[in-house]
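Have a look at the structure below, then the notes.
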Amino acid sequence: MWGALLCLPCGLLAALFVHPLRAALRLLTGPGRVRAAGEEVLSGATTFLAVLFVASFTPGLRVREPWAPALLAALLVALAGHAVAYADRRRAARGGNGRGSGGQDSGGQDSGGQDAGGQDAGGQDSGGQDSAP
């Protein structure tokens with residue numbers, strides 16, 4: 001039970017350590033593959049550190065080699081992220097947007113997508129959509 005309670009504070013502590021690296025990555029690289037790969041590596045490092053902190057701060061938990069479960073957790077989180085991205089790409093390729101985002105018509109935005117000119121419904125250029133009831 002202690003491990004579950006410590007997940008959030010340990011995750012925040014890990015994010016605090018990785019945040020300067022994430023900020024430097026965002027400042028020094030432009031949008032693209034390098035930045036996306038760097039974000040993914042930093043996400044894995046955050047997960048790794050969080051699991052290490054949970055393993056070390058949980059009372060009564062004795063782990064002989066804490067890096068092994070931390071590495072496994074980081075790999076599982078990365079694998080889950082790739083599985084979700086793959087499923088989203090397949091859904092977008094089929095033309096369906098089962099969750100309401102990421103499909104062809106929505107442009108990756110909830111409201112005010114590409115058809116609405118990027119503005120709220122009350123904006124001047126609503127792309128032919130009426131905002132009044």
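Not measured: the values here are computed from a predicted model.
- Contacts classified as side-chain hydrogen bond (donor to acceptor under 3.5 Å, both in side chains) and involving residues 69-78 (residues at least two apart or in different chains) are not found.
- With sequence neighbours excluded, the residues that form a side-chain hydrogen bond (donor to acceptor under 3.5 Å, both in side chains) with His82 are Glu40.
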Which pairs of donor and acceptor atoms, one on a side chain in residues 60-69, lie under 3.5 Å apart (sequence neighbours left out)?
none

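- Taking the side-chain contact (heavy atoms from CB on, under 4.5 Å) definition, one finds that Val77 meets it with Thr47, sequence neighbours left out.
- Considering all non-hydrogen atoms of both residues, Ala14 and Leu49 come closest at CB-CB, 3.6 Å.
- Every pair tested for salt bridge (charged side-chain N to carboxylate O under 4.0 Å, His left out) that includes a residue from residues 41-60 fails, sequence neighbours excluded, so the list is empty.
- Across all non-hydrogen atoms, the minimal contact from Ala74 to Gly44 is CB-O, 3.6 Å.
- Contact annotation: the side chain of Leu25 never approaches that of Arg22 to less than 4.5 Å [non-hydrogen atoms, C-beta and beyond].
- In this structure Phe57 satisfies the side-chain contact (heavy atoms from CB on, under 4.5 Å) test together with Leu6, Cys10, Leu13, Phe53, sequence neighbours excluded.
- Cluster note: Leu12 groups with Leu8 through ILVMFWY side-chain heavy atoms spaced under 4.5 Å, whether in direct contact or through intervening members.
- No path of Ile, Leu, Val, Met, Phe, Trp and Tyr side chains, each step under 4.5 Å between heavy atoms, connects Phe48 with Val41, placing them in separate hydrophobic clusters.
- Arg90 is linked by a side-chain hydrogen bond (donor to acceptor under 3.5 Å, both in side chains) to Tyr86, counting only residues two or more places apart in sequence or in another chain.
- Side-chain contacts under 4.5 Å among hydrophobic residues (ILVMFWY), followed directly or transitively, place Val34 with no other residue at all.
- Residue pairs that meet the side-chain hydrogen bond (donor to acceptor under 3.5 Å, both in side chains) test with at least one member in residues 9-18, sequence neighbours left out, do not exist here.
- Applying the side-chain hydrogen bond (donor to acceptor under 3.5 Å, both in side chains) test to Arg26 and every residue at least two apart in sequence or in another chain returns Glu39.
- Residues satisfying the side-chain contact (heavy atoms from CB on, under 4.5 Å) test with Leu72, not counting sequence neighbours, are Leu76.
- Closest non-hydrogen pair, Ala73 versus Val51, comes out as CB-CG2, 3.6 Å.
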